[in-house]
Undergrad: 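Sharing a structure with you now.
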Amino acid sequence: MMGKVSTTTEPAAEHLEVLEQLFAAEYTGMVRLAYTLVGSNAEAEDLVQDSFVEVSRRLDEIRKPGAYLRSAVVSRCRSALRRRRVIALHPPEPPAGLSSGAGELWDVLSDLPEDQRIAVVLRYYGGYKASEIAQIVDMPAATVRSHLRRGLTRLRKELDS
Amino acid sequence: MNRERNRIADRIERDLNQIADRATPSSTAWEAIRHRIDEQDTTNPTMEVIMLSPDRNVPRNRSRTWMLAAASVAAVALVGGLIVAVNRNSDDAPADQPAVSVVDTTAADGTTAPTTTGTIAVQTVTLTGQFTGDYSVSYVDGGNGSVKGTETWTGQIDGTGDVTGNIKNSTKLGATGAAIHELAADIDGIGSGTLTVRIAWTRVDLDVTGEGTISGGTGDFADATGTVEIQYLAALIGSDYGGNSFTSDGTFTIELTLPADGL
């Protein structure tokens, strides 16, 4: 007796419909968010698309696909930032065409520890409260506030100088 | 103090929005996601059991031994010398020829697996071994590296399936690479056909697809000198690693898809 057994299944039509709605609502925003963290359009899209695949795979278990997607995107961005640091690859160049102020912010953000960077971007670009960021990044709110405080202090110091 | 705080906050908001405006989401992103999902559904070997056919040239208990050995290799990911399970579908195979294992294309539910080329029935030979030699890796972040095929990779996988932590070689999302796989024994006499490679990593749930050639060419396996060159694309899949560390020893499976009359 021989043969192959595979557990993979095709996604159901309604499954795809939910994903498509999620895509329409969230994709652009997620790419913009990822871009502010990783600074590469191709990588941002790759991370977000990968997150959609993750959502697709777990859609039956997820109660809030949008929230899950945000967490997945931010987590992947964090991993990407860590990989860069660990394997000492070239840091991303600042996006072209930025004003000097935005370029300066980019440089300082790039130097922040990734958790501080993520907290700052989610707070000041995403507009999330610390408690919401805590849910997205799966950290205690107090830890997020600490990251925000330290990140902001560093930004203020660097940008003012 | 509050005014100062607001000033810096306003500036950060403004500049971050300017940075975000540089993002240019692709107009074909949905199609790309659909493709990835479809690809995952067709290539994700989440649980695949390859059972070896009885060897027609040896007593049945030897065949069972092979089945157990193959299952053990897959289950515990033993890193050792190349294990080639070659079970030739030929009655005139010499006794000292490596065993040839012809994987039946009949699925467990009795239907025929879609492993046909045109109208030609094919059979699949499964070779199991490990990577040897160096291979190159290019990262999605940019940059290139060289990795020992036999090197143990270590790292942490976070809750979404990403690799973090002390991993410096490969297993990056979207990593591409090539490996040279030295066969322990040549496989001449198998015949002509095409080679497809499905790399089933052990212990790490990777979505890996690849194409391979034997001895730098395709077609006549009779000319093979025992080298399989593999180009592959690897991407981590799955998410339930619980933050545990993992090692990947690169055990993989090569499937040779051959016309039936080539055996």
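Residue numbering restarts at 1 for every chain, and letters A, B, ... go by the order of the sequence lines. Small disclaimer: the values here were computed from a predicted structure and weren't measured.
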Undergrad: Given the rule in the side-chain hydrogen bond (donor to acceptor under 3.5 Å, both in side chains) test, do Tyr128(A) and Arg123(A) qualify, once you have shown the distances and angles that lead to the verdict?
TA: CA-CA 5 Å; Tyr128(A) 297 106; Arg123(A) 176 70 188 89; over 6 Å; no
Undergrad: Begin from the C-alpha positions of Tyr35(A) and Glu43(A) and carry the test side-chain hydrogen bond (donor to acceptor under 3.5 Å, both in side chains) through to its verdict.
TA: CA-CA 8 Å; Tyr35(A) 185 82; Glu43(A) 187 173 8; over 6 Å; no
Undergrad: Chain B: which of Val31(A), Leu105(A), Val121(A) shares the most heavy-atom pairs with it under 4.5 Å?
TA: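 Heavy-atom pairs under 4.5 Å are most numerous for Leu105(A).
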Undergrad: Side chain, backbone, both or neither: which part of Val48(A) has a heavy atom under 4.5 Å from chain B?
TA: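 Contact with chain B: none, neither part.
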Undergrad: Does any backbone or side-chain atom of Leu19(A) lie under 4.5 Å from a heavy atom of chain B? Answer side chain, backbone, both or neither.
TA: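 For Leu19(A), heavy atoms of backbone and side chain both lie under 4.5 Å from chain B.
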Undergrad: Less than 4.5 Å to any heavy atom of chain B: does that hold for the side chain of Ser99(A), its backbone, both, or neither?
TA: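 Ser99(A) touches chain B through backbone and side-chain heavy atoms alike.
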Undergrad: If we check side-chain contact (heavy atoms from CB on, under 4.5 Å) with Arg78(A), which of these qualifies: Val38(A), Ile118(A), Val73(A)?
TA: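 Testing each of Val38(A), Ile118(A), Val73(A) against Arg78(A), the sole residue satisfying side-chain contact (heavy atoms from CB on, under 4.5 Å) is Ile118(A).
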Undergrad: Measure Arg14(B) against the heavy atoms of chain A and call it side chain, backbone, both or neither at under 4.5 Å.
TA: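 It is neither, since no heavy atom gets under 4.5 Å.
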Undergrad: Less than 6.0 angstrom from the centroid, inside 45 degrees of the normal: does Arg36(B) satisfy that with respect to the ring of Trp30(B)?
TA: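 Output no; distance or angle outside limits.
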Undergrad: Quick check: do Arg32(A) and Leu16(B) have side-chain heavy atoms less than 4.5 Å from each other?
TA: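 Sidechains of Leu16(B) and Arg32(A): no contact.
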Undergrad: Can you tell me which portion of Gln49(A) sits under 4.5 Å from chain B's heavy atoms? Options are side chain, backbone, both or neither.
TA: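 For Gln49(A), heavy atoms of backbone and side chain both lie under 4.5 Å from chain B.
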Undergrad: Under 4.5 Å from any heavy atom of chain B, what part of Tyr125(A) do you find: side chain, backbone, both or neither?
TA: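 Contact with chain B is through both the backbone and side chain of Tyr125(A).
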Undergrad: Considering non-hydrogen atoms only, spot the tightest contact between Asn41(A) and Pro25(B) and give its length.
TA: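 Closest approach of Asn41(A) to Pro25(B), heavy atoms only: OD1-N, 4.3 Å.
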